[in-house]
Amino acid sequence: MNEIELKQRNHYTRISMIMIIIGLIFLFYVGLSLSYSTKRFHQQVHSITRIWE
């Protein structure tokens, strides 16, 4: 394998790793956001049911 192919392979490997890290951070953020909004929704539903009782 010549030097240009090796540099290109290393470049693609670095880009792939960065994309994986960004993807994992995004999924973690979406999960936290979904968890927070679900918790808030349940609190609102619980407070509405108290009003109706």
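Keep in mind that this is a model prediction, so the values were computed, not measured.
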Quick check for you: to the nearest 0.5 Å, what is the distance between Ile21 atom CD1 and Met19 atom CE?
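Here the interatomic distance stands at 11.5 Å.
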As an exercise, state the distance from OG1 of Thr13 to CD of Gln8, rounded to the nearest 0.5 Å.
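Taking OG1 in Thr13 and CD in Gln8, the distance rounds to 10.5 Å.
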Test: Arg9 and Glu5 ion pair at under 4.0 Å
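No salt bridge links Arg9 with Glu5.
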Name each donor-acceptor pair under 3.5 Å that joins a side chain in residues 27-43 to protein atoms two or more places apart or in another chain, with its distance.
residue, atom, partner, partner atom, Å
Ser37, OG, Ser33, O, 3.2
Ser37, OG, Leu34, O, 3.1
Thr38, OG1, Leu34, O, 2.7

